[in-house]
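Residue numbering restarts at 1 for every chain, and letters A, B, ... go by the order of the sequence lines.
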Amino acid sequence: MSWKLFMLLVKASGLTLVISGVSILIGLALGFVICAGLLSGTRGLNRAAELFVSFFRGVPLLVQLLLIYHLMPALGINVSSTTAAIVGLSLCTAAYQAENLRAGFGAVPRGLLEAADMCGFSHFQTFRRIRAPIALRLTLPAIINEAVLLLKASSLVSVVGIVELTRMAQDLASSTYRPIPIFASAGLLYFIICAIVAGIGALYERRQKWARR
Amino acid sequence: MNSTVPAIRISGLTKSYGETEVLHGIDLEFASGEVTCLIGPSGSGKSTLLRCIAFLEEATNGLISIEGEALGFAMGPGGNRIRLPQAEVRAVRSRIGMVFQQFNLWPHMTALGNVAEALVTVRGMSRSDAEARATRELERVGLGHRAGHYPAQLSGGQQQRVAIARALALDPRIMLFDEPTSSLDPELTGEVLNVMRQLADDGMTMLVVSHEIGFAASVGSKIVFLDQGKVLLEGSPTEVFGKPRHPRIDQFLDTYLDRGAATLI
């Protein structure tokens, strides 16, 4: 396999990285909002958040992507296929991140919040200074895990015509008749990107001295 | 004592969880400067009573006042209890410091951070002023050299002393201790009790739930013995532990004999 072909794959993996990177960030932010809904005492918000999570967890991502890709123009929203893909990936990953965060918030020991209470913290102060940082820290491995899963799941957006890493590999494989080295290279690139994301997560985790026992 | 208004007044306090009533009408007063030890068998309601005084649990009935000011509930004009707004609860509660059995230090902050946090977030002090104050408090409990350590890097006894410093930094008028040494090995218990003894000598009003009978007898100015959700006895250590003894106290102390604690009395 020529160096030129490999560089085409590297370039395409740039698009993979952008699409999943943006989706991971939007998904995390949206996940926070959904999580607030899951934890909310208001029944309406609660139900809406639960419905959101059960839909996006219960329907295959491939089906979601095809649905969003066709639904948006049908609703008169004209967006590029890249935007449609990011919307689909973000919504899906938000559902999982919301569940991750919910578990994290639930795992913050009650006593730590009582200590904040006794030190005079308001609800919001407790949330900002105690609850959220601890929940985030407890959730970090699960959040990184979901980010890596999303990175790999982004290969599905090739079905809506985006020439990211997987689609590029398919195109090159069919035009050169050399599928094995090309798909092997694509796999290697995915592996490297995921290793980097996991590495960043591990680094961040290690920086948190307080986790050490 | 040195004030006519009691530090804490509890009247007609009951606490139920569902159908089960665990505290049956408690009436108690604690004078300022007094060190009161709440003792009694497990399940007697000691910790629940302390948590009601901290307003971490809401009493089902009855009133609590801190230095004359109603905490959480006040008597309305119609003789019915009314819940006070949370801001008022916070204001009255700011006179109380609390130390927990499980320390409850915030794991993502250093010892210094734990002590300085509320000074910055709640009291609005600058970070550097707060840290200067926090350093003094850590030195007071003998942990100036551990300021930069995270809770996970400290022993249980050190963690509990940081927790005491955290409470003291907020200038409480009253300190509540909920079984402060129950999750420590005997070796580490001493260092925490020493800090508490020092605090008592400095004249702090203290309410201590503890199984350390020796500490209660030697440091306590008053002993309250709770049994099955009621105050069975209250008085000075000599009155409660001296002879002739209430048979229930005898029976309770017997459980400590094998640990040699009763010989301290």
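With a 4.5 Å cut-off on non-hydrogen atoms, B/Leu176 does not touch chain A at all. Residue B/Arg51 touches chain A through its side chain alone, counting heavy-atom pairs closer than 4.5 Å. In this structure, chain A has a heavy atom under 4.5 Å from the side chain of B/Leu170, while its backbone stays farther away. Residue contact with chain A, scored on non-hydrogen atoms closer than 4.5 Å, involves the backbone and the side chain of B/Thr121 alike.
Using modelled atom types, no side-chain atom of B/Asn104 and backbone atom of A/Ala115 make a donor-acceptor pair closer than 3.5 Å.
A distance of 7.5 Å separates CD in A/Glu114 from CD in B/Glu57, rounded to the nearest 0.5 Å. Atom CD of B/Glu117 is separated from atom CZ of A/Phe121 by 4.5 Å, given to the nearest 0.5 angstrom.
With contacts defined as side-chain heavy-atom distances shorter than 4.5 Å, the pair A/Asp117/B/Arg93 qualifies. Counting heavy atoms from C-beta on, the side chains of B/Pro107 and A/Leu112 come closer than 4.5 Å. Residues A/Arg129 and B/Met109 meet the side-chain proximity criterion, which asks for heavy atoms closer than 4.5 Å. When side chains are defined from C-beta on, A/Cys119 counts as touching B/Arg166, because their heavy atoms get closer than 4.5 Å. Proximity of A/Met118 to B/Phe100: side-chain heavy atoms (C-beta onward) are separated by under 4.5 Å at one or more points. Contact of the B/Gln86 side chain with the A/His123 side chain is not registered, since no non-hydrogen atoms from C-beta on lie closer than 4.5 Å.
Within 6.0 Å of CZ on B/Arg81 lie more than 12 heavy atoms contributed by other residues, nucleotides or ligands. For A/Phe55, the CZ atom counts as densely surrounded, since its 6.0 Å shell holds more than 12 non-hydrogen atoms of other residues, nucleotides or ligands. The number of heavy-atom neighbours closer than 6.0 Å to CZ of A/Arg47, taken from other residues, nucleotides and ligands shown, is 12 or below.
The shortest non-hydrogen separation linking A/Pro133 to B/His108 is CB-CD2, 3.6 Å.
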